[in-house]
Amino acid sequence: MERTARDSKNGVFLRKEIRIEGAVQGVGFRPFVYRQALLHGIGGWVLNDSRGVLIEAEGAEAALLKFIRALREELPPLASITGLEIREIELAGEDGFRIKESREGLPPTAQIAADSHVCPECLAELFDSGDRRYRYPFINCTNCGPRYSLVTGIPYDRPKTTMASFVMCPACRREYDDPASRRFHAQPIACPDCGPTLSLCDAAGKKVTGDAVETAVDLLRQGHILAVKGLGGYHLAVDAANDGAVEELRRRKARDEKPFALMAADLSKIAEFAYFDDREAALLTSVERPIVLLRKREANSLAPPIAPRNHYFGVMLPYTPLHYLLLDNELTALVMTSGNLSEEPIAYIDADAGERLAGIADFFLTHNRPIFIRTDDSIVRLTAGRPLLLRRSRGYAPRPVFLPRPQKEVLAVGAELKNAVCLTSGRQAVLSQHIGDLKNAEVFSSFEETIEHLQKILQVRPRIIVHDLHPDYYSTAYVRRRDDLTAIPVQHHHAHLASCLAENGIEEEAIGVIFDGIGYGEDGRIWGGEFLVGNARGYRRAGHFRYAPMPGGDAATREPFRMALSYLFQAFEGDPPYLPFLRDIPESTLALLRRMMDKGINSPLTSSCGRLFDAVAALIGLRHRVSYEGQAALELEMAIAGKKESGTYPYELMDRDGLIIFDPSALVRGIAAEVVAGVSGGVISARFHNTLAVMVGAVCTELRRRTGLNLAVLSGGVFQNRYLAEHVVGTLRAKEFNVLTHSRVPPNDGGLALGQAWIAGHQFG
Ligand code: ZN
Ligand code: ZN
Ligand code: FE
């Protein structure tokens, strides 16, 4: 039907070109536009192109307004809009609405979405006995389901996923081809007739008969340990209320004390064993479905060995259809810990899982949809009112961080522990999933595979590779082997500073408060309690914690009492008082460590903030040895008794050639005196934290006076500590600083590669 510019019945007819940018591809955006167009009687078309989604829409003025409002306000769950431009164009007289073929190669970053939680509509079908996917564990649609973990290449299309070998049945094919269907172009579409299937085997690989899910639930109730194949890898599952089963899992996993994550059916179940507020509930129920750290209820029915010496549980809600089926029973919660032995990466390939987990799991609940990229569960903790990612992985990767402006393509390889890599393309910086500790050979392979895979799916081949200054990191060794690329070293704490600036989109100079474990310094010493001034363009060291020897080097990281001795000797000039923790350390060890420090043998100097936390944990008798990284610092935070304690210790700041030096000696003497006086560890810990916050306030105020900068940036692994982060933020805000913290990438080394990449981008402006 021909239309004229005016239609007396429906008002003025117009045609608009609507250009939408953001996360709008591979998330069901075109079918959404199509449905809205039908709903509002709009003619025209929609297509994906290199910038996002392009629409031409024609209709009555009022209908167009409603259509555009719906585009903005009723987005599909995985979509988000960063830009929407509208301009009027000439009428074409189109009545119907079409989804047009894509014009050209699409930018890969827009194509590969993160893995998502199963959506409410799919869930309703899962539990609808009349639905053809009733209780089908692989139900998904364009609004939900696996993405990053099953993409093998681009373009994001069924043949380039691990679903390639499954041939769609006619019913699935109809939905896949129907623009009005929620499964239009849902690449992992499947049903019981054509899709993957579950199977349950014992540890010897022998199939267990009966309904796989029902039998698995029975086995869990009986206290068995099950390996359960998930979205990005295998979990080990046991009934969280069964002390014996949890204890046995700990023993078989060779994991002494690191907390196990929990999964519970819904918020009301979680409320039985943990506290949460509205913001934490929002995190739990977000499509990313991370593990959220929640304060334990004092009285709860769960097994004590789940999270020993810890006031928090790591809790998540189910995120795959299989999880919902497993938790559809009266179990309070399941332990769902990653399927690996301590230190190894999570198992994700079936044969490998069968082998590696055979000594741990009694049974395997598995399936034949391959996982292409291993992704661990992400971990978040609400800090200073905002979500703070402690581990960024499933649900978040490979979502890009948008840099303030485009830069040259760069590959940044991160540090060593908690490794993640970063690739940039234009304005987008894609931080990989959490990879792990590169010292483990299998993790290192995963590191190499992730680099290759990301380059492939993002279609970038950077000529520039960025690495940490540390000469002995495995990531640095990798860069040395890549002599086809231009290598750029970046100082560890400068990268932390830049990482926080990058995720906040800030280019200007700032005062960086970088409290960290250890990082290689420009002077060859081990830095980690640093005040830097700079931005991605460059930095200078403006202050740091006074150097202290680490007797035995790395051994001092595993044995916090060594750092306690180091700080004690420094604070009391070699003549410390007798403290109870010394009782447990053999006289000969004490003498040896003392000699090492006196003579400077195997006692590298460090300004690490993390090591000071270790020392204080040992001083108050909390812990002499740790079984995982950061344990002493974590337990020191956990020891804080209530939030009421506001006391502090004296501390000293010195100026040495323009560098501000924080000397913890007075602080350590204060703590020692209170330990002798019998003050509780909880009170001492609070006062220690308070002192650091006050000290940061004083140093930043002095640096503001010297530099005129009013912007303070908090980064480094120590800022995973909620009490410290909140007190430092509070102190600085009270002094009217602008404070930037992390939210979308971790403050620990998991976020480092983002800063490295951004710094290198500036060197090749
Ligand atoms: Zn869905
Ligand atoms: Zn089917
Ligand atoms: Fe670090």
Side-chain angles (χ1 to χ4, degrees), residues 27-28 31-32 76-78 113 115-126 131-133 136 138-147 158 163 166-177 181-197 287 319-321 324 390 414-420 437 468-470 473 475 490-500 512 514-521 526-530 532 557 606-611 629-630 633 714-720 742 745-756:
V27 292
F32 155 73
L78 300 184
D115 297 306
S116 154
H117 157 246
V118 53
C119 74
E121 282 136 309
C122 286
L123 264 184
E125 292 168 352
L126 181 68
D131 194 274
R132 71 187 190 93
R133 293 187 180 87
Y136 181 58
F138 305 94
I139 190 168
N140 68 83
C141 72
T142 49
N143 295 332
C144 75
R147 292 288 188 279
R158 181 122 164 159
M163 286 294 292
F166 295 92
V167 179
M168 272 182 236
C169 70
C172 284
R173 171 55 75 181
R174 265 196 304 281
E175 292 172 286
Y176 183 89
D177 288 335
S181 163
R182 210 173 78 245
R183 298 197 167 87
F184 176 66
H185 285 195
Q187 307 304 349
I189 188 173
C191 78
D193 292 332
C194 67
T197 48
V287 292
Y319 54 88
T320 69
Y324 279 94
L390 305 181
E416 179 146 291
L417 276 172
K418 298 192 166 118
N419 182 276
D437 181 357
D468 195 273
L469 210 52
H470 201 303
Y473 279 172
S475 51
V490 169
Q491 200 280 323
H492 190 93
H493 304 101
H494 183 206
H496 275 306
L497 167 65
S499 170
C500 190
I514 316 297
F515 284 4
D516 206 17
I518 49 181
Y520 197 82
I526 300 165
W527 294 9
E530 307 302 313
L532 310 180
T557 300
T606 187
S607 57
S608 164
C609 178
R611 292 298 83 80
E629 191 244 348
L714 311 185
S715 189
V718 173
F719 283 111
Q720 295 174 98
H742 284 281
V745 310
N748 59 44
D749 287 1
L752 199 80
L754 173 64
Q756 291 178 334

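Reckoned from all heavy atoms, side chains included, excluding hydrogens, waters and symmetry mates. Both ligands and their constituent atoms are indexed starting at 1 by order of listing.
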Side chain to side chain contact (heavy atoms under 4.5 Å, CB included) evaluation trace for R182 with C144
CA-CA 10 Å; R182 210 173 78 245; C144 75; over 6 Å; no
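- No donor-acceptor contact under 3.5 angstrom links the side chains of T142 and H185, judged on distance only.
- The N, O or S atom of D516 lying closest to the Fe ion (ligand 3) is OD2.
- For a distance threshold of 2.8 Å, the protein N, O or S atoms nearer than that to the Zn ion (ligand 2), listed by chain and number, are C169 SG, C172 SG, C191 SG, C194 SG.
- For the pair D115 (side chain) and R147 (backbone), a donor-acceptor distance under 3.5 Å is present.
- Of all heavy-atom pairs spanning S181 and P31, the tightest one is O-CB, 4.4 Å.
- Legend: residues meeting side-chain contact (heavy atoms from CB on, under 4.5 Å) with Y473, ordered by chain and number and at least two apart, are A415, E416, D468, H470, S475, T476, H492.
- Of the angles at the Fe ion (ligand 3), the one spanning NE2 of H492 and NE2 of H496 is 90° when given to 10°.
- Looking only at distances, no side-chain donor or acceptor of S715 sits under 3.5 Å from a matching main-chain atom of C500.
- Looking at residues two or more places apart in sequence or on another chain, you find no side-chain hydrogen bond (donor to acceptor under 3.5 Å, both in side chains) involving R158.
- Below the 2.8 Å limit, the Zn ion (ligand 1) has as protein N, O or S neighbours C119 SG, C122 SG, C141 SG, C144 SG.
- Checking side-chain atoms of D749 against main-chain N and O of G717 turns up no donor-acceptor pair under 3.5 Å.
- For the pair D516 and S608, the tightest heavy-atom approach, listed with the atom from each and the gap, is O-OG, 3.4 Å.
- A side-chain donor-acceptor contact under 3.5 Å links E530 to the backbone of G528.
- Within D749, the N, O or S atom lying nearest to the Fe ion (ligand 3) carries the name OD1.
- Without hydrogens or angle criteria, Q756 side chain to G414 main chain gives a donor-acceptor distance under 3.5 Å.
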